[in-house]
Amino acid sequence: MSYAKKAKQGYYGIAEFRTKDGKRHQKSAGCFKLKRQALAKADELEKELDQVNQDLADVSLADYYDRWFKLYKEQGLSRPTIARYLNIGHVLRHYFKDTRLRDIKRSDYQEFMNWYGANHAPVTVSKFNCAVRTCVNYAQDDDIVSKNFTNNVKPVSNKSRKRKVEYLTMKEIQLLKSAVLDGINRYKVSRYMIYLAIYTGMRKGEIQALTWNDIDFMHHTITINKSWDDVKKAFKPTKTVSSNRVIPVNSEVLNRLCDLKANHSTMIFRNRLGNIPTSTALNKCLRSIMSSAGIQKQGFHFHSLRHVHVAYLLAKGVDIYGISKRLGHANVSITQSIYAYLIDEYQAKNNTEIINKLAEL
């Protein structure tokens, strides 16, 4: 049964339906100017809900997760991200087997978290839990479950498996930059990419995808509107919508990039062999440069240069909001979460400075 309910702005379409256990539920189809529009939409939603409940009432967690991933997540993801989502599905199927989604309690999921977290690093557990939570939210919208059993569950992890990365001091950042520029020329394309990463904090794929049309020499900016697929050797969309951005840079950086125009390619970092350095090539080059400069850091790789960029800006007193926009994050909370260790470090220094300043009153 469906009906229309009068509202200030018009009429709400309300769909009524029963789940397999006989319980009656209501769901809004939205607000419409005309009553007949609201009724038509409510009827449409009622049929859809009846079909959903008929097909999915007894669905297992593993089957629903696979369905959710294929319908809502798979399109547009990179291969490594797709592989991560598929692995989550395999783990859920291994542990929960054919257990119905609506039969899983919060205590069941906590037991799973305890089991899974015992052998996985914090970041792995966090990404896993986030994916499952989002999936179950969709199950709520499909009226398969009334509550999200992942809420208030404590993620457990093995901190000893946390990947340790040693980052650079301010002195080492200067040393690295000098080492990168030592003997740089248009045949050493990887060095230019490392140099640009230090100064912009751009992701590897964003740097690889740059063309000369993305550079505004007059206004000293770089426009990021695409990324590069190392496997397909083709352009692809940026990581997120917010990754599309314009980064201001100084003239010294752009003048340095001009050396590469001699390679006669529309792609800035295509070398004389017609190739764009891959992740492997960039990391090999970076390790060689760091070794020659006497810099030894555990777990340091090309993406770590993004952290280097953030560390330098924080040390110079740049506002976290400005840093977040420069990195292409959707909001400041993402930046604060990823770089919490850096923010805490500089906050401690600021607290000391505040105390010293107040002592001068």
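The structure presented is a predicted model; accordingly, all values stated were derived computationally and were not measured.
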- Query: Step by step, would you call Thr238 with Asn225 a side chain to side chain contact (heavy atoms under 4.5 Å, CB included)?
  - Reply: CA-CA 7 Å; Thr238 53; Asn225 51 29; 5.7 Å; no
- Start with the C-alpha gap between Val156 and Val125, add the side-chain angles, then the distance that decides, and say whether side chain to side chain contact (heavy atoms under 4.5 Å, CB included) holds. CA-CA 7 Å; Val156 177; Val125 173; over 6 Å; no
- Query: What residue pairs, at least two apart or across chains, pass side chain to side chain donor-acceptor pair (under 3.5 Å) with a residue in residues 260-276?
  - Reply: Arg186-Asn263
- Item | Heavy-atom neighbours of Tyr321 OH exceed 12 at 6.0 Å | no
- Query: Quick one: side-chain contact (heavy atoms from CB on, under 4.5 Å) partners of Lys297, sequence neighbours excluded?
  - Reply: Glu166, Leu168, Glu172, Met290, Ile295, Phe300
- Item | Heavy-atom closest contact (Ser227 atom, Pro237 atom, distance) | CB-O, 3.6 Å
- Message: Connecting only ILVMFWY residues whose side-chain heavy atoms lie within less than 4.5 Å of each other, what is the rest of Ile276's hydrophobic cluster?
- Response: Trp228, Phe235, Met267
- Message: Please give me the minimum heavy-atom distance between Ala42 and Ala15, naming the atom from each residue.
- Response: O-CB, 3.6 Å
- Message: Holding to side-chain contact (heavy atoms from CB on, under 4.5 Å), I want the full list of residues that pass it with Val241, two or more places apart in sequence or in another chain.
- Response: none
- Message: Any side-chain to backbone donor/acceptor pair from Tyr11 onto Leu39? Under 3.5 Å, distance only.
- Response: no
- Interatomic spacing from OH in Tyr192 to SG in Cys285 - rounded to 0.5 Å: 12.0 Å
- Do you see a donor-acceptor pair shorter than 3.5 Å between the side chains of Asp216 and His219? yes
- Message: As a quick check of understanding, evaluate side chain to side chain contact (heavy atoms under 4.5 Å, CB included) for Leu196 and Val253, giving each step before the final call.
- Response: CA-CA 7 Å; Leu196 187 61; Val253 173; 3.7 Å; yes
- Thr335 OG1 to Arg326 CZ distance, which is reported to the nearest 0.5 Å: 13.0 Å
- Spatial distance of atom OG1 (Thr278) from atom CG (Asp230) [nearest 0.5 Å]: 5.5 Å
- Item | hydrophobic_cluster_shared for Met202 and Val246, side chain cutoff 4.5 Å | no
- Note on the structure: Sequence neighbours excluded, the answer for side chain to side chain donor-acceptor pair (under 3.5 Å) partners of Lys325 is none
- Query: With a cut-off of 6.0 Å (strictly less than), are more than 12 heavy atoms of other residues, nucleotides or ligands near NZ of Lys226?
  - Reply: yes
- Message: Rounded at 0.5 Å granularity, tell me how far CG in Leu260 sits from CG in Leu210.
- Response: 11.0 Å
- Task: State yes or no: do Ile224 and Phe217 share one hydrophobic cluster built from I, L, V, M, F, W and Y residues joined by side-chain heavy-atom distances below 4.5 Å, directly or via other members?
- Result: yes
- Task: Please work out which of the three classes, parallel, tilted or perpendicular, describes the rings of Tyr199 and Tyr195, given edges at 30° and 60°.
- Result: tilted
- Query: Would you say the side chain of Val249 lies within less than 4.5 Å of the side chain of Thr200, judging by non-hydrogen atoms?
  - Reply: yes
- Item | Ser60 vs Phe96 side-chain heavy atoms within contact, under 4.5 Å | no
- Query: Is Tyr312 close to Val308 at the side-chain level, that is, under 4.5 Å between some pair of heavy atoms?
  - Reply: no
- Item | Of all pairs that satisfy salt bridge (charged side-chain N to carboxylate O under 4.0 Å, His left out), the ones with a partner from residues 239-249, not counting sequence neighbours | Glu206-Arg245
- Message: According to ring pair (Phe, Tyr, Trp, His ring centres under 6.0 Å), who are the partners of Phe69, at least two apart in sequence or on a separate chain?
- Response: Tyr85
- Check Ser242 against Ala330 and note the closest heavy-atom contact, atom names and distance. OG-N, 3.3 Å
- Query: Between atom OG of Ser324 and atom CD of Gln336, what is the distance when rounded to the nearest 0.5 Å?
  - Reply: 8.0 Å
- Query: How far apart are the closest heavy atoms of Ala293 and Ala179, and which atoms are they?
  - Reply: CB-CB, 3.8 Å
- Message: Hydrophobic cluster membership, with links at side-chain heavy-atom distances under 4.5 Å among I/L/V/M/F/W/Y: are Leu86 and Val231 in one?
- Response: no
- Query: Just checking, is any N or O donor in the side chain of Arg203 or Ser243 under 3.5 Å from an acceptor N or O on the other one?
  - Reply: yes
- Between Val180 and Arg191, which heavy-atom pair has the shortest distance, and what is it? O-NH1, 3.0 Å
- Go through the steps to decide whether Leu305 and Phe302 satisfy the test side chain to side chain contact (heavy atoms under 4.5 Å, CB included), and finish with yes or no. CA-CA 6 Å; Leu305 296 173; Phe302 188 85; 3.9 Å; yes
- Message: Give me the atom names and distance for the closest heavy-atom approach of Gln110 to Val153.
- Response: OE1-CG1, 3.3 Å
- Got a sec: does the NZ of Lys70 have more than 12 other heavy atoms crowding it under 6.0 Å? no
- Query: Between the side chains of Asn137 and Asn148, is a donor N or O closer than 3.5 angstrom to an acceptor N or O?
  - Reply: yes
- Item | Residue pair Ile247 / Thr221, side-chain heavy-atom distance below 4.5 Å | no
- Flag the pair Lys233 / Asp229 as yes when at least one side-chain heavy-atom distance between them is below 4.5 Å, and no otherwise. no
- Item | Residues that Asp66 engages under side chain to side chain donor-acceptor pair (under 3.5 Å), provided they are two or more places apart | Arg93
- Query: Should Asn151 and Lys147 count as side-chain neighbours, where that means a heavy-atom distance under 4.5 Å?
  - Reply: no
- Task: Could you verify whether a donor N or O on one side chain and an acceptor N or O on the other, from Asp214 and Thr211, lie under 3.5 Å apart?
- Result: yes
- Note on the structure: Value for OG1 (Thr134) from OH (Tyr65), rounded to nearest 0.5 Å, stands at 9.5 Å
- Query: Can the ring centroids of Tyr109 and Phe112 be said to lie less than 6.0 angstrom from one another?
  - Reply: yes
- Message: Any non-hydrogen side-chain atom of Lys41 less than 4.5 Å from a side-chain atom of Phe32?
- Response: yes
- Item | Arg106: partners by salt bridge (charged side-chain N to carboxylate O under 4.0 Å, His left out), with sequence neighbours left out | none
- Check the surroundings of atom NZ in Lys188: do more than 12 heavy atoms from other residues, nucleotides or ligands lie under 6.0 Å from it? yes
- Sequence-distant partners of Tyr116, side chain to side chain donor-acceptor pair (under 3.5 Å), two or more places apart: none
- Item | side chain to side chain donor-acceptor pair (under 3.5 Å) pairs, two or more places apart, involving residues 249-258 | none
- Message: Do Phe128 and Tyr72 land in one hydrophobic cluster if side-chain heavy atoms of ILVMFWY residues count as linked below 4.5 Å?
- Response: yes
- With sequence neighbours left out, the residues meeting side chain to side chain donor-acceptor pair (under 3.5 Å) with Asp182 are none
- Message: I'd like to know whether CG of Asp98 has more than 12 heavy-atom contacts from other residues, nucleotides or ligands below 6.0 angstrom.
- Response: no
- Query: In terms of side-chain heavy atoms, does Asn331 have a donor or acceptor partner in Ser333 at a distance below 3.5 Å?
  - Reply: yes
- Given the rule that I, L, V, M, F, W and Y join up when any side-chain heavy atoms are under 4.5 Å apart, are Met170 and Leu181 in one cluster? yes
- Task: Using a 4.5 Å cut-off on heavy atoms from C-beta on, say whether the side chain of Thr169 contacts that of Ile173.
- Result: no
